[in-house]
Amino acid sequence: MLKLNKDSVFGTFVVTIGLCLVCSVLVSSAVVALGPFQQAAVANDRQVNILRVSGFDIEGSVAETYQKHIEAKLLDVATGKFTDASSAEADAFNFQSLAKNPDYNVAIPAEEDTAKIRTRTKLMPVFLSKDEAGQIVRYILPFYGQGLWSTMYGYVAIGPDGNTIQAVTFYSHGETPGLGGEIDNPNWQAQWVGKKIFKEDGSLGFIIKKNADHVGEGKDYEVDSLSGATLTTNGVENSTRYWFNVAYKPFLENLRKGEI
């Protein structure tokens, strides 16, 4: 048996390859072992953000509170009606990744795509927030759109009337801290509460703008823009315009008519 000369070029090559193989096996093993924990962490984070706009405080564990108050359903976006999918299927529906899959997505016409997302899934998960008696108190809708630096993802809670915003939160974005990142500011998000989405004639009323009207005709619809973050604010406003007035419009109309 030949003795390997570790100081030779060949020996160095063999040692390097062997070390790489060992490291690869260790990293792969770690990924497999940690996979379930990572998935659990992702699920927990999603549940926390949904509960944040549900109207209910976390009591006990996140999972227990979520199971008690939240029911997931899959919405056929085109018809504004729920499908027959189970709550588990709706809860596991990953609209972010499936929006890139031609078997699940639909292209958004350029004239409608104010959110600048190009495609969306044909179905979207909607989360029903229920009180102790099982009555629906809020419908929680995922929404997203392009900001200055990133795609901003959030949840907005709508009252059973299909027209009143109850809460909003953003759970993923890469906007500038202290400027566009202020979309995370609870004080700014609080301005959304109680605002109406549509006017009495059915036209879109909700808007985010500079010098919003807080006392006149616009007080029921307008939210102040973020100071020094015009492009991020425009991105949020354009996102809501698409999701409220295009994608979710059939669903919100069905809610207002009492057909859900």
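Atoms considered below: every heavy atom in the structure, side chains included; atoms not considered: hydrogens, waters and symmetry mates. In what follows, residues are counted from 1 in the order of the sequence shown.
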Might you work through the side-chain contact (heavy atoms from CB on, under 4.5 Å) test for Ile165 and Tyr221, ending with a clear yes or no?
CA-CA 10 Å; Ile165 297 174; Tyr221 310 100; over 6 Å; no

Less than 4.5 Å apart, any side-chain heavy atom of [X] and any of [Y]?
| X | Y | value |
| --- | --- | --- |
| Pro142 | Phe95 | yes |
| His69 | Phe127 | no |
| Trp149 | His173 | no |
| Ile70 | Ile140 | yes |
| Leu51 | Ser54 | yes |
| Glu182 | Thr232 | no |
| Ile58 | Tyr66 | no |

Atom [atom1] in [X], atom [atom2] in [Y]: separation rounded to 0.5 Å?
| X | Y | atom1 | atom2 | answer |
| --- | --- | --- | --- | --- |
| Glu222 | Asp213 | CD | CG | 5.0 Å |
| Leu75 | Thr83 | CG | OG1 | 8.0 Å |
| Asn245 | Ile197 | CG | CD1 | 10.0 Å |
| Phe93 | Leu98 | CZ | CG | 5.0 Å |
| Leu141 | Leu252 | CG | CG | 6.5 Å |
| Gln166 | Asp161 | CD | CG | 7.5 Å |

For the side chain of [X] and the backbone of [Y], is there at least one donor-acceptor N/O pair under 3.5 Å apart?
| X | Y | value |
| --- | --- | --- |
| Gln146 | Ser150 | yes |
| Ser129 | Arg138 | no |
| Ser239 | Ala115 | no |
| Thr121 | Met124 | no |
| Lys195 | Lys219 | yes |
| Gln189 | Ala167 | no |
| Asp76 | Gly80 | no |
| Asn105 | Thr119 | no |
| Asn254 | Glu259 | no |

Minimal non-hydrogen separation, [X] against [Y], with atom names:
| X | Y | result |
| --- | --- | --- |
| Trp188 | Ser225 | NE1-C, 4.4 Å |
| Lys100 | Pro102 | O-CD, 3.5 Å |
| Glu175 | Leu148 | OE1-N, 2.9 Å |
| Gly180 | Ala229 | N-CB, 3.5 Å |
| Asn163 | Ile158 | N-CG2, 3.8 Å |
| Pro125 | Ala90 | CB-O, 3.6 Å |

Check whether [X] and [Y] end up in the same hydrophobic cluster, where Ile, Leu, Val, Met, Phe, Trp and Tyr are linked by side-chain heavy atoms less than 4.5 Å apart.
| X | Y | result |
| --- | --- | --- |
| Met152 | Leu179 | no |
| Val246 | Val126 | yes |
| Ile50 | Trp192 | yes |
| Val236 | Leu231 | no |
| Phe56 | Ile136 | no |

Hey, is CD on Glu112 packed in by over 12 heavy atoms from elsewhere, all under 6.0 Å?
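Counting neighbours around CD of Glu112, more than 12 heavy atoms of other residues, nucleotides or ligands fall under 6.0 Å, so yes.
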
Could you check whether atom NZ of Lys81 has more than 12 heavy atoms from other residues, nucleotides or ligands sitting under 6.0 Å from it?
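Enclosed: over 12 neighbouring heavy atoms sit under 6.0 Å from NZ of Lys81.
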
So, applying ring-ring contact (aromatic ring centres under 6.0 Å, His included) with Tyr144, which one of Phe170, Tyr242, Trp243 is it?
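Of all the options given, the one that passes is Trp243.
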
Do [X] and [Y] get their side chains close enough for a donor-acceptor pair, meaning under 3.5 Å?
| X | Y | answer |
| --- | --- | --- |
| Tyr104 | Asn94 | no |
| Glu237 | Thr240 | no |
| His214 | Asp224 | yes |
| Asn238 | Arg241 | yes |

Under the criterion side-chain contact (heavy atoms from CB on, under 4.5 Å), I'd like the reasoning laid out for Arg118 against Asp113: C-alpha separation, chi angles, the key distance, then a yes or no.
CA-CA 7 Å; Arg118 298 185 181 180; Asp113 190 21; 4.2 Å; yes

How far apart are the C-alpha atoms of Lys196 and Thr164, what are their side-chain angles, what is the distance that settles it, and do they pass the side-chain hydrogen bond (donor to acceptor under 3.5 Å, both in side chains) test?
CA-CA 5 Å; Lys196 304 296 183 182; Thr164 305; 2.7 Å; yes

Flag the pair [X] / [Y] as yes when their ring centroid distance falls below 6.0 Å, and as no otherwise.
| X | Y | answer |
| --- | --- | --- |
| Tyr248 | Phe143 | no |
| Phe206 | Phe198 | no |
| Tyr171 | Tyr155 | yes |

Asn49 and Arg52: side-chain hydrogen bond (donor to acceptor under 3.5 Å, both in side chains), yes or no, with the steps?
CA-CA 5 Å; Asn49 282 291; Arg52 190 168 289 159; 3.0 Å; yes

[X] and [Y] ion-paired at < 4.0 Å:
| X | Y | value |
| --- | --- | --- |
| Glu64 | Lys68 | no |
| Asp220 | Lys199 | no |
| Lys130 | Glu71 | yes |

A cation-pi test, strictly: NZ or CZ of Lys73 under 6.0 Å from the centre of the six-membered ring of Phe82 and no more than 45 degrees from its axis. Yes or no?
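Checked: cation-pi criterion met.
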
